[in-house]
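Here the structure comes first, spelled out in structure tokens, and everything after it is commentary.
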Amino acid sequence: MSATPLAGLRVLEFSHTVMGPTAGLLFAELGADVIKVEPAPDGDRTRRLGGFGAGFFAGFNRNKRSLAIDLKSIEGQAVLHRLVPAVDIVLENFGPGTMERLGCGYEHLAPLNDRLIYLALKGYLAGPYEHRPALDEVVQFQAGLAWMTGPPGQPLRAGASVIDIMGAMFGVIAVQAALRERDTTGKGQRVSSSLFESAVFLMSTHMAGMAATGLEMRPMPARRGAWAIYEVFDTAGEGQLFIGVTSDQQWERFVEEFGLQALAMDPRLATNVTRLDERDWLIPALQEALSKLPQKEVEQRCERCNVSWAPVGKPGDLFENPHLLAAGGLVNVFVSRFGGDGGKMAGLPALPMEFGAARQRPGLTRQPPRVGEHSAEILGEAGFTTEDVAGLAQRGLIVG
């Protein structure tokens, strides 16, 4: 079994920021030839983001080739159209109407290749909102995710671009389904996924819970817990651990390991259901016991009694995480603020999947490209001569 099962597929990616680049990354890491189409002369504007977005380009654009082309010109559009007959998938995550203005909408490209699968990654699927622009953070608030994440009265977005990434994953799943159908029909089609509906999907269990109980959902910091011991605990010093005790058997092992005989014998704590009713005093009692122990000792005891636990980590901890380092969980990516030569190598997360008995992980084949780094190569594969490419570059229609 290969870790590159999509080898042989060719993808044109029109994208920026997170959602589209993530979809392209998934295809690229799984073996597809992904051509990132960037606007000439400056390339994807994501390259120039600062603050929270400074790592977006390096994080989501490895294993791709860059074609920088001026699609605002009719001649540039004609150049791009010559690539389409040899392409399996087009993906884009621009605002409503943008691809159509660039002459690269589904209605422009589908007649050039009846096997083409066109993935439109949008803010909303069909309905009254479909022409609105959207952002990850916008739909987190709109769908209730921010309300569920923050304390009561303080809605808070998730700490990563979870909806952008999830929307990209649903888009890739839709493409894979369309590829399977193409095997039977020989025909491509337009497929789509969106930010809002992806965020709504995350509300499924909350909506079902409301229907099942007749009760309104509470934000997660004030939720009605399903498990009595499901909490962050302080340890001696400054360390913190999250500990989850999710069965009665785990409870028995937990109190024995930590020498909590009084709690073990208390009939009010015999089952998880009864323990839930005692959280007001039980959690402080456990906190008092654990806060006297060094973090490393608490970790070792949790490991011995086989309950779920984790230190409260930070993103920077992952660069040195022994589990990730031991098994190819990080790949060495060249991180450059503006996609140029000035930068450094950093271990970034590999795709979280394995293939075959050898448990192969998708890996790195190309560093994030410079603007137009592969333009001449890509156009040459489409039949453009060296003179053609030089002429296009001279007229500013491509970079490369």
Side-chain angles (χ1 to χ4, degrees), residues 9-24 26-27 32-40 42-46 64-135 164 167-168 170-179 181-182 185-198 375 378-379 382 392 397-398:
L9 293 176
R10 177 166 286 190
V11 180
L12 286 181
E13 175 193 316
F14 300 79
S15 74
H16 63 116
T17 319
V18 176
M19 192 184 192
T22 298
L26 290 168
F27 287 122
D33 175 18
V34 176
I35 298 169
K36 183 175 180 65
V37 181
E38 304 190 61
D42 297 323
D44 181 354
R45 62 181 176 82
T46 308
K64 302 175 185 179
R65 298 194 286 169
S66 172
L67 166 64
I69 187 167
D70 177 12
L71 291 177
K72 293 182 178 179
S73 70
I74 297 299
E75 190 173 359
Q77 294 171 17
V79 171
L80 190 284
H81 289 176
R82 283 184 58 177
L83 304 181
V84 174
V87 167
D88 296 282
I89 301 158
V90 163
L91 73 88
E92 59 94 1
N93 75 315
F94 292 132
T98 301
M99 289 291 283
E100 289 71 23
R101 290 194 297 272
L102 296 175
C104 292
Y106 179 68
E107 68 276 14
H108 299 101
L109 303 187
L112 305 176
N113 180 351
D114 62 4
R115 291 176 57 81
L116 183 68
I117 295 167
Y118 188 103
L119 170 59
L121 298 161
K122 297 302 179 185
Y124 303 89
L125 296 180
Y129 303 160
E130 65 182 292
H131 298 297
R132 291 186 186 179
L135 299 167
D164 276 322
F170 277 128
V172 171
I173 292 168
V175 169
Q176 291 174 322
L179 286 168
E181 187 168 287
R182 190 180 75 173
T185 66
K187 301 293 185 181
Q189 61 182 289
R190 181 189 184 276
V191 298
S192 187
S193 70
S194 71
L195 294 173
F196 177 61
E197 281 80 2
S198 293
S375 295
I378 293 164
L379 295 180
L392 292 168
L397 293 169
I398 66 166

Give me the one residue out of Leu91, Leu135, Asp164 that meets side-chain contact (heavy atoms from CB on, under 4.5 Å) with Met19. Asp164
If every non-hydrogen atom of Leu397 is compared with every non-hydrogen atom of Ser73, which pair is closest and at what distance? CD2-OG, 3.3 Å
Is a donor on one side and an acceptor on the other found under 3.5 Å between the side chain of Lys122 and the backbone of Phe94? yes
Test side-chain contact (heavy atoms from CB on, under 4.5 Å) on Leu109 and Val90 and set out the steps. CA-CA 9 Å; Leu109 303 187; Val90 163; 4.0 Å; yes
What are the two closest heavy atoms between Leu125 and Ser194, and how far apart are they? CG-OG, 3.5 Å
Is it the case that over 12 heavy atoms from other parts of the model lie below 6.0 angstrom from the CZ atom of Phe170? yes
Spacing of CD belonging to Gln189 relative to CG belonging to Leu116, to within rounding of 0.5 Å: 11.0 Å
Steps toward side-chain contact (heavy atoms from CB on, under 4.5 Å) verdict (Leu80, Gln77): CA-CA 5 Å; Leu80 190 284; Gln77 294 171 17; 5.6 Å; no
Which label fits Tyr118 and Tyr106: parallel for a plane angle under 30°, tilted from 30 to 60°, or perpendicular past 60°? perpendicular
Whether Asp114 and Lys187 form a salt bridge (side-chain N of Lys/Arg under 4.0 Å from carboxylate O of Asp/Glu) is what I want to check. yes
Under a 4.0 Å N-O cut-off, is there an ion pair linking Arg45 with Glu38? no
Side chain of Lys64, backbone of Pro21: donor and acceptor closer than 3.5 Å? yes
Heavy-atom distance under 4.5 Å between the side chains of Phe27 and Ile89, does that happen here? yes
Mind running side-chain contact (heavy atoms from CB on, under 4.5 Å) on Asp88 and Val11 for me, showing each step along the way? CA-CA 6 Å; Asp88 296 282; Val11 180; over 6 Å; no
Does the side chain of Leu119 come within less than 4.5 Å of Glu92's, by heavy atoms? no
In short, Pro85 meets Leu112 closest at the heavy-atom pair CG-O, 3.8 Å
Taking all heavy atoms of Leu121 and all of Ala168, pick out the closest pair and write down the distance. CD2-CA, 4.3 Å
Would you indicate whether the side-chain heavy atoms of Phe14 and Thr98 approach each other to under 4.5 Å? no
Would you indicate whether the side-chain heavy atoms of Asp70 and Glu75 approach each other to under 4.5 Å? no
Do Ile378 and Leu83 come within less than 4.5 Å of each other through their side chains, counting heavy atoms only? yes
Show your reasoning for whether side-chain contact (heavy atoms from CB on, under 4.5 Å) applies to Arg115 and Arg182. CA-CA 7 Å; Arg115 291 176 57 81; Arg182 190 180 75 173; 3.3 Å; yes
Please check this pair: side chain of Thr46 against backbone of Thr17, looking for a donor-acceptor N/O pair closer than 3.5 Å. yes
Non-hydrogen atoms of Ser193 and Gly167 that approach each other most closely: OG-O, 2.7 Å
Okay, side chain of Ser15, backbone of Asn93: is any donor-acceptor separation there less than 3.5 Å? no
Between Ala68 and Ser375, what is the shortest heavy-atom contact and its length? N-OG, 3.1 Å
Anything under 30° is parallel, anything over 60° is perpendicular, the rest tilted; go ahead and classify His108 against His81. parallel
